[in-house]
Amino acid sequence: MSLRFYNTMTRSLEEFKPIKPGEVRMYTCGPTVYAPAHVGNYRAYTFEDILRRYLIYKGYRVTQVMNITDIDDKTIRDSSAKGITLKEHTQPLIDMFFEDIDRLNIQRAEYYPAATEHIDEMVAMVKKLLERGHAYRSGDSIYYKISTFPKYGSLSHMKIEELMAGARIDSDEYEKETASDFALWKGWTEKDGAVFWETSLGKGRPGWHIECSAMSKKYLGEQFDIHTGGVDNIFPHHENEIAQSEGAAGKKFVNYWLHNAHLIVESKKMAKSEGNFFTVQDLVDQGHDPLAIRFVLLSTHYRQQLNFTMDGLEAAKAAITRLRDFKSNVESATGSGENKAVNEAIEKAVKGFEEGLDNDLNISPSIAAVFDFVREINSIVADKGLSDSDREEVLKILRKFDSVLGVIFVEESEIEADIEEMIQKRLEARKNKDFQTADKIRDELLSRGIILEDTPSGTKWKRKIS
RNA sequence: GGCGGCUUAGCCAAGUGGUAAGGCGGAGGUCUGCAAAACCUCUAUUCUCCGGUUCGAAUCCGGAAGCCGCCUCCA
């Protein structure tokens, strides 16, 4: 079966066909760096990571762009409230963002363009929109005239008349001809303080939506394959992007629109007032392994609302532990002779894994296929062991699954010298049948996060996933 | 008010017409000095509720209840 995605534009499952065979260009909506990103934000980035990784798994060459929105009402508001420059406010948050995606094992995109570094591109696009009659100047600001773009509303499936009927009129945007028009360029006001650019459009700053149109064009061209974001972005952000990009280029902007659902926490909407609003850092501070967070975020289909719970986080730890123990069991397995059952298990697992993800990244059946595989191979290992070549085949395929999941093969930090000593001491004690001492050492190590396992081939240690 | 989504075991979560995947948790067993890991067995006669269509429905249709979104800068 081929790869299919649910396209928000058509509200249907469509076979994925890239514009250029073997290559995928995609734009993934990134963070607005006004406050630390919360776990809900990372649901989106994790989904985008699974998408990216699976495309690579399928053999595509991927060019991914993720924008960094470092200029908007909130970054201005918060930086001026603190009396620091925009950059001083956003840079620490950008650093935190990269720290978080690294520890969640989210692969880096090819480009992370910051809005403030692409003002020229935005100005050029606004000019183009003025030229083509899609925009008008009002006072010091420039607005997009949505009545010039008949397709407006096609992504969100909303009718312009309805939007107009329900539109609220923002007091400081009274100059718009129609309430539902949106700002491309905002003329400087006192509220903006030192945040402005002197451009051929005048003194001011860009509207929010124009950055994505301008930056996607710069890095991906006027037309590309996939655009993603949270469901909240469908309207107005992505709708406006389409209007801008297609209005400026005169051709279709994006072929596949993918949107992820939000997450709730302990069955409740995540909100500061509920006390269930937290960041990745908060969870790490509580001692939770970031990859357990990753597993929680990736294990629910992206279009399904995800219920983030502490029980779920604990379950994820246990699941990852099982997968890593499996890896370790296989690595130390010995045996002779090819085993037909191994190949059968591999074939079945690959089929199940790909069937799930091919179907709009439906990851649950894929994870099920991996766990079925674990049980089958473990059973073979317990029964007959694995030959060298079978072992390598199993590890190869596990590594391939993990190229998407990203939770099994991780760098293990070296064991500390004193821990090694304690393990040796315990070995001695066991030899002398001094099990009391041996158990005491084992307990001590456990309290330091080291789990010992006595196997026929010696004592193994591993780090506990917290 | 308009538009959309969801409701499956103690928890998480697949399944979209043919008789309930998988994970976690729990129970019992094998192995082990004891553990751990691993393996084996068991853990929803039933899919929010009420009707209907059908030989057959968690899946389709109608209705009800609950939850969650979007409706101009929130992933």
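Owing to the predicted nature of the structure, the values given are computational and were not obtained by experimental measurement. Chain identifiers are assigned alphabetically (A, B, ...) following the order of the sequence lines, protein sequences preceding nucleic acid strands; residue numbering begins at 1 within each chain.
Residue side chain N307(A) does not reach the base of C11(B) through any donor-acceptor N/O pair under 3.5 Å, judged by distance alone. Side-chain N/O atoms of D311(A) and base N/O atoms of G10(B) include no donor-acceptor pair closer than 3.5 Å.
Salt bridge status for D434(A) with R426(A): absent, with no side-chain N to carboxylate O gap under 4.0 Å. Between R448(A) and E444(A), no side-chain nitrogen of the basic residue sits less than 4.0 Å from a carboxylate oxygen of the acidic one, so the salt-bridge criterion is not met. Between D102(A) and R108(A) there is a salt bridge, with a side-chain nitrogen of the basic residue lying less than 4.0 Å from a carboxylate oxygen of the acidic one.
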Each nucleotide N or O in nucleotides 39-44 of chain B that has a protein N or O under 3.5 Å away: list the pair and distance.
residue : atom : partner : partner atom : Å
C39(B)  : OP1  : N378(A) : ND2          : 3.2
C39(B)  : OP2  : R322(A) : NH1          : 3.3

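Taking every heavy atom of residues 291-299 of chain A and every atom of RNA chain B, no pair lies under 4.0 Å. For the contact set between residues 92-103 of chain A and RNA chain B, defined by any heavy atom under 4.0 Å, there are no members.
As judged by a 4.0 angstrom heavy-atom cut-off over every strand, H262(A) is placed among the base-contacting residues. Within the nucleic acid shown, E453(A) comes within 4.0 Å of at least one base atom, counting heavy atoms only. The residue K433(A) sits apart from the nucleic acid: no heavy atom pair falls under 4.0 Å. L452(A) comes within 4.0 angstrom of a nucleotide base, judged by non-hydrogen atoms across all strands. Using a 4.0 Å heavy-atom cutoff across all strands shown, G40(A) reaches at least one base atom of the nucleic acid. At a threshold of 4.0 angstrom between heavy atoms, the contacts of N240(A) with the nucleic acid are absent. At the heavy-atom level, H38(A) lies under 4.0 Å from base atoms of the strands shown. In this structure, N329(A) reaches the sugar-phosphate backbone alone: every heavy-atom distance under 4.0 Å involves primed, P, OP1 or OP2 atoms, never a base. L263(A) comes within 4.0 angstrom of a base, heavy atoms only.
Counted by atom type alone, D49(A) and T46(A) present zero donor-acceptor pairs between their side chains at under 3.5 Å.
Taking the side chain as every heavy atom from C-beta outward, F47(A) and T28(A) never approach each other to under 4.5 Å. Between T228(A) and N260(A) there is no side-chain heavy-atom pair separated by less than 4.5 Å. Taking the side chain as every heavy atom from C-beta outward, E239(A) and S154(A) approach each other to under 4.5 Å.
Rounded to the nearest 0.5 Å, atoms CD1 (I142(A)) and CG (D181(A)) are 13.0 Å apart.
Atom CZ of R426(A) and atom C1' of G33(B) are 10 Å apart (whole Å). Counting to the nearest Å, the P atom of C67(B) and the CZ atom of F308(A) are 24 Å from each other. Spacing between atom OH of Y152(A) and atom P of C71(B) amounts to 11 Å, rounded to whole angstrom units. One interatomic measurement links the two molecules: CZ of R303(A) to P of A14(B), which rounds to 11 Å at whole-angstrom precision. Across the protein-nucleic acid pair, N260(A) atom CG and A75(B) atom C1' stand 6 Å apart, rounded to whole Å. Distance, I264(A) CD1 to C11(B) C1': 13 Å, rounded to whole Å. Atom NZ of K74(A) and atom C1' of A75(B) are 11 Å apart (whole Å).
Of the listed nucleotides (G22(B), A37(B), C71(B)), G22(B) has the atom at the smallest distance from the side chain of F371(A). If you check A14(B), C74(B), C70(B) against the side chain of D72(A), the one that comes closest is C74(B). Looking at the side chain of Q305(A), the nearest of the listed nucleotides A21(B), C68(B), C34(B) is C68(B). Listed nucleotides: G22(B), G33(B), A37(B). Nearest to the side chain of F435(A): G33(B). The listed nucleotides are G15(B), C74(B), A75(B); the one nearest the side chain of Y45(A) is A75(B). Of the candidate nucleotides A36(B), G22(B), A75(B), A36(B) has the atom lying nearest to any side-chain atom of I451(A). Among the nucleotides A75(B), U72(B), A38(B), the one closest to any side-chain atom of P236(A) is U72(B). Comparing A14(B), A75(B), G22(B) by their closest approach to the side chain of Q304(A) singles out A14(B). Considering only the side chain of T32(A), A75(B) comes nearest among A75(B), A14(B), A36(B). Of the candidates A13(B), C34(B), C11(B), the closest approach to any side-chain atom of R430(A) belongs to C34(B).
Here L13(A) pairs with R4(A), Y6(A), N359(A), D360(A) under the side chain to side chain contact (heavy atoms under 4.5 Å, CB included) rule; sequence neighbours left out. When the side chain to side chain contact (heavy atoms under 4.5 Å, CB included) test is applied to E246(A), the partners found at least two apart in sequence or on another chain are F149(A), K151(A), I242(A), K252(A), F253(A). Applying the ring-ring contact (aromatic ring centres under 6.0 Å, His included) test to W197(A) and every residue at least two apart in sequence or in another chain returns nothing. With sequence neighbours left out, the ring-ring contact (aromatic ring centres under 6.0 Å, His included) criterion links H238(A) to H227(A), W257(A), H259(A). Taking the side chain to side chain contact (heavy atoms under 4.5 Å, CB included) definition, one finds that V381(A) meets it with A333(A), I377(A), L386(A), sequence neighbours left out. By the side chain to side chain contact (heavy atoms under 4.5 Å, CB included) test, S332(A) pairs with K460(A), sequence neighbours left out.
Residue A368(A) is the one, among A368(A) and D439(A), whose nearest nucleotide of RNA chain B lies closer to the 5' end (criterion: closest heavy atom). Between D454(A) and G312(A), the residue anchored nearer the 5' end of RNA chain B, judged by the nucleotide with its closest heavy atom, is G312(A).
At G23(B), none of the side-chain N or O atoms of K317(A) fall inside 4.0 Å of OP1 or OP2 (strictly under the cut-off). Contact check, N233(A) against C70(B): no side-chain N or O comes under 4.0 Å of OP1 or OP2.
Among pairs with a residue in residues 32-46 of chain A, none fulfils salt bridge (Lys or Arg N to Asp or Glu O under 4.0 Å), at least two apart in sequence or across chains. Screening residues 309-321 of chain A for side chain to side chain donor-acceptor pair (under 3.5 Å) gives H288(A)-K317(A), E314(A)-K317(A) as the qualifying pairs, with residues at least two apart or on separate chains.
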Self-check item: Base-pairing string, 5' to 3', of RNA chain B - Watson-Crick or wobble, under 3.5 Å, | interstrand
Solution: ((((((((.[[[..)..(...]]]((((((.......))))))....[[[[[..)....]]]]])))))))....
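On the C1' atoms, G15(B) is 25 Å away from G51(B), given to the nearest whole Å.
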Quiz item: Stepwise, does the side chain to side chain donor-acceptor pair (under 3.5 Å) test hold for Y302(A) with E48(A)?
Solution: CA-CA 9 Å; Y302(A) 75 94; E48(A) 286 152 3; over 6 Å; no
